[in-house]
Amino acid sequence: VRSFTSVFRYVTGCYIGNETLVLLGTKNPNDLSVSTLKEKFKQPEIKRLLDWIDFPDWKSLVSTLVFDKAGLMAYAGDGPLNTINEPLVEFAAPRNFSPNENVGQFLRTSLSESLSPAKQGIDIYLTNITSTELESLHKSGEIYSLVMQGISARILEGEVQGKQYLCEALARDPTNPHVLHFLGLSPHAPRNYLKSKLYLDTALICKKQNRTALAYSLLDSAVKIDSTNIIAYNKYYTWLAEAGEIEDAVSVIEQAVQHNPEISALKRDLEYFQSILANTQNNPKEK
């Protein structure tokens, strides 16, 4: 990063997750036309490829342009450059190979210097963009900042800590492609038990954050993806029952029994909650 910023007058850093930081260096400020980007996304092959890696529109792409030259230089600091005569990276990297930790530290130290992609920085200018699009992009940039914090926390502190940031981002925008991607909830992820479990794990964190409606929605997705996920069903109807939504709880258990008739515990729970429901219907004061 230090070497790259020393060569190019204008530099933009595009962080697209995990260990991938794309540096764009130019001799002149980079004018990025939003209208041109939108046209590019209409091209079937480009659209197909970017959709596959969860970049469904121009906004999802521009949201990742989060570092300008000043921010990157602040991270790199002073020190030697990597040159052909002295290839420091090629010799030092294999002896200090801890990519995940390096990524986490990079994000943590650089986030304070990161830009909102909606800002007009000195290295990149957004052109042909409406005020509505600019406002939407600003919100998308805020969400992506939470995503980066989540990635950093996941690496440095653990899975649960990372997902807390991602769940906060999900609550702000349940359709944000970057959030869905890093939670493992992307529409392009395999629709199997693993993905169902990811929905369940995310629901558990959202429930702890008192995002109950979002937790219910995630559990609903979990059981639709994998109807054999008994734990997701159990959490779903238990939480509904605790909230006094007995009728809805019974409906969820009925679905669970229908898909898993061999699980006797589900049948017992169904009988139990049906009796509670009947009692509350006959004696409204008991509810």
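- In this structure, V22 and T20 have side chains that are in contact, with non-hydrogen atoms separated by less than 4.5 Å.
- Note: the hydrophobic cluster containing L37 also contains I46 (ILVMFWY, side chain heavy atoms under 4.5 Å, direct or indirect links).
- I143 CD1 to H178 NE2: the interatomic distance, rounded to the nearest 0.5 Å, is 10.5 Å.
- By the 4.0 Å N-to-carboxylate-O rule, E271 lies too far from R268 to be salt-bridged with it.
- With rounding to the nearest 0.5 angstrom, the CG atom of L134 is 7.0 Å from the CG atom of L126.
- To the nearest 0.5 Å, atom CD of residue Q161 and atom CD1 of residue I155 are 13.0 Å apart.
- Linking ILVMFWY side-chain heavy atoms closer than 4.5 Å, directly or via other members, places V7 and L81 in two distinct hydrophobic clusters.
- Ring to ring, Y233 and Y237 are not that close: their centroids are 6.0 angstrom or more apart.
- Here the side chain of S217 pairs no donor or acceptor atom with the backbone of A213 at under 3.5 angstrom.
- Between A232 and V223, the shortest heavy-atom contact is CB-CG1, 3.8 Å.
- Looking only at side-chain heavy atoms (C-beta outward), L21 and F67 come within less than 4.5 Å of each other.
- Judged purely by atom type and a 3.5 angstrom limit, E133 uses its side chain to pair as donor or acceptor with the backbone of T130.
- Under 4.0 Å is where a charged nitrogen must lie from a carboxylate oxygen, and between E39 and K42 at least one such pair does.
- Between the side chain of K69 and the backbone N or O of T12 there is no donor-acceptor pair closer than 3.5 Å.
- Heavy-atom minimum distance, T202 versus C167: CG2-SG, 3.5 Å.
- A donor-acceptor pair under 3.5 Å is absent between the side-chain atoms of S186 and the main chain of H181, judged by distance alone.
- Of the possible polar contacts, none joining the R2 side chain to the M73 backbone as a donor-acceptor pair under 3.5 Å is found.
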Item to complete: For the pair L146 and E142, evaluate side chain to side chain contact (heavy atoms under 4.5 Å, CB included) and give the outcome as yes or no after the intermediate values.
Response: CA-CA 7 Å; L146 283 172; E142 290 180 337; over 6 Å; no

Residues 246-267 side chain polar contacts: donor-acceptor under 3.5 Å, at least two apart:
{"unit_1": "N260", "atom_1": "ND2", "unit_2": "S227", "atom_2": "O", "d": "2.8"}
{"unit_1": "N260", "atom_1": "ND2", "unit_2": "A256", "atom_2": "O", "d": "3.0"}
{"unit_1": "K267", "atom_1": "NZ", "unit_2": "P261", "atom_2": "O", "d": "3.0"}

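- For the side chain to side chain contact (heavy atoms under 4.5 Å, CB included) test with W58, the passing option among V34, L50, T36 is V34; the others fail.
- Sorted by first then second residue, the salt bridge (charged side-chain N to carboxylate O under 4.0 Å, His left out) pairs that include residues 208-223, not counting sequence neighbours, are D220-K224.
- Under the 6.0 Å distance and 45° angle rule, K207 counts as a cation-pi partner of W239.
- Scanning all heavy atoms of the two residues, the minimum distance from L170 to L180 falls at CD1-CD2, 3.9 Å.
- We find the OH-OG distance between Y165 and S145 to be 10.0 Å, quoted to the nearest 0.5 Å.
- Contact between S140 and N176 at its shortest, heavy atoms only, is OG-ND2, 4.1 Å.
- Counted by atom type alone, N28 and T26 present zero donor-acceptor pairs between their side chains at under 3.5 Å.
- In the hydrophobic cluster analysis, where Ile, Leu, Val, Met, Phe, Trp and Tyr join through side-chain heavy atoms closer than 4.5 angstrom, I205 is grouped apart from Y216.
- Checked by atom type, the side-chain pair S35/S33 shows a donor-acceptor distance below 3.5 Å.
- Contact check for L166 versus R154: side-chain heavy atoms found under the 4.5 Å cut-off.
- For K197, the NZ atom is loosely surrounded, since the number of other residues' heavy atoms within 6.0 Å does not exceed 12.
- Between S63 and G141, the shortest heavy-atom contact is OG-N, 4.3 Å.
- In I231, the CD1 atom is not crowded: 12 or fewer heavy atoms of neighbouring residues, nucleotides or ligands sit closer than 6.0 Å.
- Under a hydrophobic clustering in which Ile, Leu, Val, Met, Phe, Trp and Tyr are joined whenever their side-chain heavy atoms come within less than 4.5 Å, directly or via other members, V160 and V147 fall into different clusters.
- Under the 30°/60° scheme for interplanar angles, the aromatic rings of Y144 and Y15 are found to be tilted.
- No side-chain heavy atom of Q43 sits under 4.5 Å from any side-chain heavy atom of L49.
- Taking OG of S152 as the start and CG of L156 as the end, the distance is 4.5 Å to the nearest 0.5 Å.
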Begin from the C-alpha positions of T175 and D173 and carry the test side chain to side chain contact (heavy atoms under 4.5 Å, CB included) through to its verdict. CA-CA 5 Å; T175 64; D173 184 1; 2.9 Å; yes

- Task: May I have the step-by-step check of side chain to side chain contact (heavy atoms under 4.5 Å, CB included) for F41 and L61, ending in yes or no?
- Result: CA-CA 10 Å; F41 270 89; L61 182 62; 4.2 Å; yes

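- In plain terms, the two heavy atoms of L214 and C206 that are nearest each other are CD2-SG, 3.7 Å.
- Using a 4.5 Å cut-off on side-chain heavy atoms (C-beta onward), S3 and T83 make no contact.
- When atom types are taken as modelled, the side chain of Q209 and the backbone of Q164 share a donor-acceptor pair closer than 3.5 angstrom.
- Between the CD1 atom in I16 and the OG atom in S60 there is a gap of 11.5 Å [rounded to 0.5 Å].
- Contact of the V11 side chain with the L24 side chain is not registered, since no non-hydrogen atoms from C-beta on lie closer than 4.5 Å.
- Counting heavy atoms from C-beta on, the side chains of R9 and K27 never come closer than 4.5 Å.
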Quiz prompt | Derivation of the side chain to side chain contact (heavy atoms under 4.5 Å, CB included) call for L200 and L219 | solution = CA-CA 6 Å; L200 170 60; L219 287 179; 3.6 Å; yes

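- Side-chain atoms of L218 and L185, non-hydrogen and from C-beta on, do get closer than 4.5 Å to each other.
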